[in-house]
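Okay, so here's the structure we're looking at.
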Amino acid sequence: MRASDEGVGTVRGFGDLEAVIMDRIWDRDTETTSVREIYEELCVSRDIAYTTVMSTMDNLHRKGWLARERAGKAYRYWPTLTREEHSARLMLEALGSGGRSDLVLSHFVDRISDEESAGLRAALRRLTARKSPGPA
């Protein structure tokens, strides 16, 4: 099992195998992937059946996390959200369910690194610039 396969379970909004498969799909350089390609990657590090990978990817499709199109007898899959969009959705859900949002944000900012803080400030500057009306 890869180090990134450990501990990624439902904290990220997926079951354990769903999280591993989504990580593998997000890590790919190709736009689409097949069950066979994911299965071949996974069976190197774990004892897993092809049908397990197939049903998990089908479940991810039914849940809206993967889109697919027929390619011959099989399907080609791709994520409906980027990893970053998914993370933003989780953060928004946590913000909405964690009590007072101002305190949640305060605790979050207290715990991020200087580099993450700089990235957050840059993102807020970009967002503010986009929302600011231009010269009349």
>> Counting C-beta onward and ignoring hydrogens, is there a side-chain heavy-atom pair between Arg126 and Arg130 closer than 4.5 Å?
In response: no

Taken to the nearest 0.5 Å, the spacing of Ile21 CD1 from Phe14 CZ works out to 10.5 Å

Considering only NZ, NE, NH1 and NH2 on the basic side and carboxylate oxygens on the acidic side, decide whether Arg46 and Glu41 come within less than 4.0 Å.
-> no

For Glu37 and Thr32, the nearest pair of non-hydrogen atoms, with its separation, is OE1-O, 4.3 Å

_Please check if the number of heavy atoms outside Asp114 that lie under 6.0 Å from its CG is greater than 12._
no

Is it true that Lys63 and Glu18 have a side-chain N and a carboxylate O under 4.0 angstrom from each other? yes

- Task: Please check if Ile38 and Trp26 belong to a single hydrophobic cluster, counting links between Ile, Leu, Val, Met, Phe, Trp and Tyr side chain heavy atoms closer than 4.5 Å.
- Result: yes

Take Ser117 and Arg121 through the test side chain to side chain donor-acceptor pair (under 3.5 Å) and record every step on the way to the result. CA-CA 6 Å; Ser117 180; Arg121 282 193 303 277; 2.7 Å; yes

Here the gap from Leu81 atom CG to Arg89 atom CZ, rounded to the nearest 0.5 Å, amounts to 4.5 Å

Leu42 vs Leu17, test: side chain to side chain contact (heavy atoms under 4.5 Å, CB included). Steps then yes/no. CA-CA 10 Å; Leu42 291 176; Leu17 184 56; 4.3 Å; yes

Tell me if a side-chain donor or acceptor on Thr52 pairs with a main-chain N or O of Ile48 at a distance below 3.5 Å.
no

For Leu124, the hydrophobic cluster (side chain heavy atoms closer than 4.5 Å, chained through members) also holds Met91, Phe108, Val109, Ile112, Leu120

Is the side chain of Arg83 donor-acceptor paired with the backbone N or O of His86 at a distance under 3.5 Å, no angle test? no

Given the options Glu31, Glu69, Arg28, Trp78 meets side chain to side chain contact (heavy atoms under 4.5 Å, CB included) only with Glu69

Those residues at least two apart in sequence (or on a different chain) that pass ring-ring contact (aromatic ring centres under 6.0 Å, His included) with Tyr39 are Tyr50

Separation between CE (Met57) and CZ (Arg62), nearest 0.5 Å, reads 13.5 Å

Hits for side-chain contact (heavy atoms from CB on, under 4.5 Å) against Thr82, two or more places apart or cross-chain, chain-then-number order -> Glu84, Glu85

- Query: Given side chains that start at C-beta, do those of Thr51 and Met54 come closer than 4.5 Å, heavy atoms only?
  - Reply: yes

Next item on the list: May I ask you to test the Val20-Thr56 pair for a side-chain heavy-atom distance under 4.5 Å?
Entry: no

For Tyr75, is the NZ or CZ atom of Arg68 found under 6.0 angstrom from the centre of its six-membered ring and inside 45 degrees of the ring axis? yes

- Is a donor on one side and an acceptor on the other found under 3.5 Å between the side chain of His61 and the backbone of Leu66? yes

